Amino acid sequence: MKQIIGVYGASGFGRQIMPLVKTQYPHLGISCFVFIDDNSESIELNGHKVLTYDEFLQHPSSNKEATIAIANSQIRELLSNRLVADNIKNITVSSKTVIVLDDDTVEISEGSILCSHVCLKVNIKIGRFFHANTYSYISHDCIIGDYVTFGPRVSCNGNIHIHDHAYIGTGAVIKQGTPDKPLIIGKGAIVGMGAVVTKDVPAGAIVVGNPARLLSK
Ligand code: UDP
């Protein structure tokens, strides 16, 4: 077998990502797609082999690629660095239903996963290993850092800067900033499910509710 594609993470998110990956490689048979998981009790999942990372490395295929379908951004950073060190290409996964309004002004770095119905509008810069779950959108003039994670239905309006490792929960709404004062979500901040964020969130903070308030730091 020449080519093998690994979906790292054989849990909930990984199982959702596998069908997207398969549609990106219509010429490959089912046996070319495997899950990679270091803790799985299964050897097979949804018709795919589950390999540990070491087993994936030892696989005889000469062309190995992978995506890291793990929501925890710290783990994502650790594993992505390991893949780079082992010369395994990190693929970008994008559902066929993703809408990028302007390819010329939307910049997406390597390793991202864009789930179904994600919409990226204009003048957006996105860092490495970004995850956007179903129905999330990013409006105009936004900067998204590395290892940022969006749950489903995140509404990221215009002029918002989200720093590295921030996690935005399902259905959160972030109020638009202005060109001279973008709304900032700090590094590693967590925005709770359904929160309505109306002002900057400090690095490392957790905010919840409507309007979003600090839970702890
Ligand atoms: N995992 C792994 N290697 C690691 C860390 C995590 O294989 O170094 C796997 C872990 O065994 C689990 C998956 O990654 O199966 C993460 O799944 P989880 O349910 O925590 O979250 P999800 O990202 O699916 O929401």
Side-chain angles (χ1 to χ4, degrees), residues 4-24 31-59 61 64-95 98 108-118 126-136 144-154 156 162 164-172 185 187-195 206 208:
I4 186 171
I5 317 285
V7 172
Y8 212 140
S11 190
F13 192 59
R15 274 180 289 126
Q16 290 178 64
I17 296 316
M18 180 61 90
L20 299 181
V21 174
K22 283 195 282 191
T23 37
Q24 281 186 204
S31 60
C32 297
F33 302 94
V34 298
F35 285 104
I36 308 168
D37 202 293
D38 302 304
N39 311 297
S40 177
E41 285 167 9
S42 325
I43 54 164
E44 202 179 285
L45 186 62
N46 292 353
H48 301 278
K49 280 192 178 150
V50 182
L51 307 180
T52 63
Y53 184 62
D54 287 341
E55 288 168 341
F56 183 73
L57 284 183
Q58 283 154 23
H59 191 279
S61 159
K64 294 175 192 166
E65 300 181 0
T67 178
I68 303 171
I70 295 175
N72 182 307
S73 69
Q74 300 294 341
I75 295 178
R76 212 148 78 229
E77 179 167 16
L78 190 93
L79 299 182
S80 65
N81 288 336
R82 201 181 285 169
L83 289 179
V84 170
D86 291 326
N87 278 323
I88 292 167
K89 188 182 169 205
N90 282 293
I91 60 170
T92 292
V93 179
S94 181
S95 163
V98 167
I108 309 171
S109 307
E110 68 159 338
S112 60
I113 296 182
L114 306 176
C115 297
S116 58
H117 305 285
V118 162
I126 298 175
R128 305 173 76 236
F129 295 88
F130 173 58
H131 281 186
N133 214 318
T134 307
Y135 282 106
S136 287
I144 311 293
D146 295 332
Y147 305 99
V148 169
T149 311
F150 280 14
R153 283 199 188 278
V154 168
C156 177
I162 301 183
D164 299 350
H165 287 285
Y167 180 90
I168 317 295
T170 302
I185 308 277
K187 185 174 178 181
I190 297 175
V191 173
M193 213 180 257
I206 302 174
V208 294

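Keep in mind that this is a model prediction, so the values were computed, not measured. Read the numbers this way: they start at 1 and go in the same order the structure lists the ligands and their atoms. Heavy-atom basis, side chains included; hydrogens, waters and symmetry copies ignored.
Here Tyr8 has side-chain heavy atoms under 4.0 Å from ligand 1, and that is the only part of it that gets that close.
The aromatic rings of Phe33 and His48 sit perpendicular to each other, their planes meeting at more than 60°, with 30° as the lower class boundary. In this structure, Phe130 and Phe150 have perpendicular ring planes: the angle between them is above 60°, well past the 30° mark.
Atom 20 (O) of ligand 1 has as its closest protein heavy atom Ser11 OG, 4.9 Å. Scanning the protein for heavy atoms near atom 23 (O) of ligand 1, the closest one is Ala71 N, 2.7 Å. Nearest to atom 12 (C) of ligand 1 among the protein's heavy atoms is Asp37 OD2, 3.5 Å. For atom 3 (N) of ligand 1, the nearest protein heavy atom (residue, atom name, distance) is Asp38 OD2, 2.8 Å. Scanning the protein for heavy atoms near atom 5 (C) of ligand 1, the closest one is Ile75 CG2, 3.6 Å. The protein heavy atom nearest to atom 24 (O) of ligand 1 is Phe13 N, 3.1 Å.
Side-chain contact check for Thr149 and His131: no donor-acceptor pair (N or O, by modelled atom type) lies under 3.5 Å. Side-chain atoms of Tyr53 and Asp86 form a donor-acceptor pair, as typed in the model, at a separation below 3.5 Å.
Residues Val50 and Asp37 are in side-chain contact: their nearest non-hydrogen atoms beyond the backbone lie under 4.5 Å apart. At a threshold of 4.5 Å between non-hydrogen side-chain atoms, the residues Arg82 and Tyr8 count as touching.
Set against the non-hydrogen atoms of Ile70, the atoms of ligand 1 under 4.0 Å away are 1 (N), 14 (O), 23 (O).
Distance check for atom 14 (O) of ligand 1: a protein heavy atom is found below 4.0 Å.
Under a 4.0 Å N-O distance rule, the pair Arg128/Glu110 qualifies as a salt bridge.
Polar contact with ligand 1: absent for Asn72 (N/O pair, distance under 3.5 Å).
At least one heavy atom of Gly12 sits less than 4.0 Å from an atom of ligand 1.
Judged by the 6.0 Å distance and 45° axis criteria, Arg153 is positioned over the aromatic ring of Tyr135.
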